[in-house]
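The basis for the numbers below is simple: all heavy atoms, side chains too, and nothing from hydrogens, waters or symmetry mates. Nothing fancy with the numbering, it's 1 onward along the sequence.
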Amino acid sequence: MSDAFLTDLRRRFRLRCGEDLAMLRMMRQAPADLASPEFGVLVHRLSGAAGSFGYDELSRLARVIDDMLTLKTAPGADDLDRLQVALEVTFDDRDPV
């Protein structure tokens, strides 16, 4: 794959993080949404994709929450805060790899 292609994929991933960030903020206003399948899909996808693009902390945080959901444990406010910050940092990253 060309560097331009990978750079474009990474850019699209960051844009998607902006959409995910908006969704997370909305879901946090209605805590029942955090038990929804959509939230589970969001964190599961992030846990895999973020690491592929070099966002290891976002991947790790999403994986922790994904594991919690698998065990039917609700993530705490601190877990969600850290995930939100990691999404903000990723979305704001303008340094192409």
If I take atom OG1 from residue Thr70 and atom CD1 from residue Ile65, how far apart are they, to the nearest 0.5 angstrom? 12.0 Å
Hey, does Glu57 have a side-chain heavy atom less than 4.5 Å from the side chain of Arg82? no
Looking only at heavy atoms, which two atoms of Ala50 and Phe13 are closest? And how far apart? CA-CZ, 3.5 Å
Is the backbone N or O of Leu69 less than 3.5 Å from a side-chain atom of Thr73, with the two atoms forming a donor-acceptor pair by type? no
Phe53 and Cys17, any side-chain heavy atoms less than 4.5 Å apart: no
Matching residue for Pro75 among Leu61, Leu80, Val43, Asp81 - test: side chain to side chain contact (heavy atoms under 4.5 Å, CB included): Leu80
Indicate whether the side chain of Tyr55 and that of Arg60 have a donor and an acceptor atom separated by less than 3.5 Å. no
Check: Ser59 side chain, Ser47 main-chain N or O, donor-acceptor pair, under 3.5 Å: yes
In Å, rounded to the nearest 0.5 Å, how long is the span from CZ of Arg16 to CZ of Arg12? 11.5 Å
Name the residue from Val85, Thr90, Leu83, Leu87 that meets the side chain to side chain contact (heavy atoms under 4.5 Å, CB included) definition with Leu21. Leu87
Going through the checks in order, is the side chain to side chain contact (heavy atoms under 4.5 Å, CB included) test met by Phe91 and Leu58? CA-CA 11 Å; Phe91 179 62; Leu58 176 58; over 6 Å; no
Look at the side chain of Arg14 and the backbone N and O of Asp92, then say whether any donor-acceptor pair between them is shorter than 3.5 Å. no
Under the salt bridge (charged side-chain N to carboxylate O under 4.0 Å, His left out) criterion, do Arg63 and Asp66 qualify, and how do the steps go? CA-CA 5 Å; Arg63 186 174 46 254; Asp66 188 33; over 6 Å; no
For residues Arg45 and Asp20, determine if any side-chain heavy atom of one lies less than 4.5 Å from a side-chain heavy atom of the other. yes
Can you tell me how far apart CZ (Arg10) and CG (Leu15) are? Round to the nearest 0.5 Å. 12.0 Å
Taking the side chain as C-beta and beyond, is there a heavy-atom pair between Met26 and Asp33 under 4.5 Å? no
With a 6.0 Å cut-off (strictly less than), is the heavy-atom count around CE of Met68, excluding the residue itself, greater than 12? yes
Keeping Asp67 on the side-chain end and Val64 on the backbone end, is there a donor-acceptor pair under 3.5 Å? no
